[in-house]
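First comes the structure, then the notes that go with it.
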Amino acid sequence: MCGIVGYIGEQNAYPILIKGLHRLEYRGYDSAGVSMINSNGELSVLKATGKVSALEEKCATADTSGTIGIAHTRWATHGEPNTVNAHPHMSQSGNLAMVHNGIIENYKTLRSELERNGMTFCSETDTEVLVQLIEFIQIKQQCDLFTAVQRALKNVVGAYAIAILDKNRPDQLVCARKGSPLVIGVGNNANGHKEFYLGSDATPIIEYTNQVIYLKDEEIAVMDRNGRLEITNLSNVKQTPEMHTLQMNLDELEKGGFPHFMLKEIWEQPNAMRTCLRGRLSIQDRDVLLSGIVDHRDKFIKARRIIICACGTSWHSALIGKYFIEEAAQIPVEVEYASEFRYRNPVIFPDDVVIAVSQSGETADTLAAIQLAEQKGAFLYGICNVIGSSIARATHSGTYLHVGPEIGVASTKAFTGQVITLCLLGLAIAKEKKTLSDQTFHMLVDELEQIPDKMQWTLEHNKNIDQFAQMFTYCRNFLYLGRGYNYPVALEGALKLKEISYIHAEGYPAAEMKHGPIALVDEEMPVVVIAPKRGMYDKIVSNIQEIKSRKGKIISVVTEGDTIVKNMSDYHFVIPDTRDCFVPLLAVIPLQLLSYYVATAKGRNVDQPRNLAKSVTVE
Ligand code: AGP
């Protein structure tokens, strides 16, 4: 949730740290801070509440010199967002400064113990407890920073990614992780000397180097100014760093002329889907090739069941995946909220395949769910967007979305990327299990290939949604309805609106309306109905009648050429025709645009909505 940046080398650290914080601001944005050691050996700590820009203003008149530093953007867990609780936190002597992402679960016990030993605290955070513990060990046991960190972390229950500066060692940056991500970038400066960068993900690093090391759980890294990097685990075993080359492109991290990342990412969907399908869908051979499935063919052919664990938007795409995989590959699929699954002692068989769907690949609940499944012997498959993320590394096999970095907190292109990947997965399993006729298989492959063009058409034909979104800014509630494949789209449409406009919205299976929610419908209630001219069209027409009789305002998503639903609607959005199973990939687009324009008309910060974070690395 929080973002960490670090640097040690010969350059001025501050500009690198601030730029890195801006890149990571999507992870948390209630306060930010930075710490450097200058050439006189003085350790500075500067903090501000609010956005990184507020920190920059504060730093404008301060000494920000120094070639070593750490920085942090916070999403509060312990203690309200203010400058005292913002990171970096200092040890009692003022010698150590530390930034932290994660939760130290036993911080209360540790704090009481330290207080009994005469230590005092200024903040309410778990982070301050850890930095004080490290210093306490350093002094009591007369050891160096690395050893103190190692010993302190052995006493910690919870999750952490930390980076620490020691005033007495201005040539050394120490970091460690367990459960929260940390990436080390290894670069060469203009003089050919090695320098090290640190980030919660690779986005603050890519500008300087594409050579990275993903720190593993319970590893501690010591980087020094002479280019030495040493990684040791908590059991004191030296580790060989595994270098990876990043494929990320810097342009992908910029807004490219759009006012917000979210709008840019909505419009990127056609191309993002082309990249996702590239090399996996062959039109020439009318075939699907997913190496993650081919390499583990037996696991999927013999699978008794597939369980998909996910959270939020990823849970919605998983639900669409369930419908498709069951239909195409004839395997029972269960979709689980990872947060529920991990704590309810679920029945997992060794011949189950457990799939984790996660854009960030760092969601704490999803990671814990697959760790539980692994203990019970299941085969683990990851569907992630962020390359090298914790879930991608914790699974036995998997497929990356390849839709490019998603910066807007509200997920858009990752959602469609997940849906398309799950469709590919369903087709790949169906091919191995021979559950579809050649004719149906080819028809689905041909249609899937058309989806990016149809997405482009959908965007072009709905770009004027901004002109009427204004009318809905006064609404306090919205209902979203869909059936079959479009029920999860209704859930996703409602979530998008809630997240960025703060208007209450609920998604429902359309036929469930009459079992309760219809009581809410009156002339004030906009009801968004996904009503493509396919499968259950007649049934959804009846559902619309029911709402109209209660004077609800109908906003529909209809197939091009439709007249019946269009004429019943107060407003409508058009999408091109496609197979039932692929309608979600098109129908969600006008809903994303609707949320975006309602939220911007209300003056909301759509890229960084209140209380949310892009990567939910805490429970
Ligand atoms: C999406 O708009 C949300 N911000 C949120 O629901 C998100 O999908 C959820 O936190 C899961 O994240 P993940 O895909 O990175 O695991």
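For ligands, and for the atoms within them, numbers begin at 1 and follow the listed sequence. Owing to the predicted nature of the structure, the values given are computational and were not obtained by experimental measurement.
Every atom of ligand 1 with a heavy atom of Val409 under 4.0 Å away is listed here by number and element: 2 (O), 4 (N). Atoms of ligand 1 lying under 4.0 Å from any heavy atom of Ser411, numbered from 1 in the order shown and given with element: 1 (C), 2 (O). Below 4.0 Å from some heavy atom of Ser314 lie the following atoms of ligand 1, by number and element: 8 (O), 13 (P), 14 (O). Per-residue contacts place Ser358 under 4.0 angstrom from the following atoms of ligand 1 (heavy atoms of the residue considered): 13 (P), 14 (O), 15 (O), 16 (O).
Looking only at heavy atoms of the protein, atom 3 (C) of ligand 1 is closest to Glu499 OE2, 3.0 Å. In this structure, the protein non-hydrogen atom closest to atom 15 (O) of ligand 1 is Ser360 OG, 2.6 Å. Scanning the protein heavy atoms around atom 10 (O) of ligand 1, the nearest turns out to be Val616 CG2, 3.8 Å.
Of all the heavy atoms of Glu362, none lies under 4.0 Å from any atom of ligand 1, so neither backbone nor side chain is involved.
Judged by distance alone, with hydrogens and angles left aside, the side-chain atoms of Tyr502 form a donor-acceptor pair with the main-chain N or O of Arg610 at under 3.5 Å. Remark: side-chain polar atoms of Asp126 are paired, donor with acceptor, to backbone N or O of Ile104 under 3.5 angstrom. Lys498 places a side-chain N or O within donor-acceptor distance of the main-chain N or O of Ala505, the cut-off being under 3.5 Å.
Of the listed residues (Ala410, Cys311, Ala338, Pro609), the one carrying the non-hydrogen atom nearest atom 11 (C) of ligand 1 is Cys311. Around atom 16 (O) of ligand 1, the closest heavy atom drawn from Thr366, Asp365, Thr313, Thr363 belongs to Thr363.
The aromatic ring centres of Tyr214 and His244 sit less than 6.0 Å apart. You'll find the ring centres of Tyr596 and His260 inside the 6.0 Å limit. For an aromatic pair to be called close, the ring centres must be under 6.0 Å apart, and Tyr487 with Tyr323 fails this. In this structure, Tyr480 has its ring center at least 6.0 angstrom away from the ring center of Tyr508. Phe379 and His396 have their aromatic ring centers within a separation under 6.0 angstrom.
At least one heavy atom of Lys496 sits less than 4.0 Å from an atom of ligand 1.
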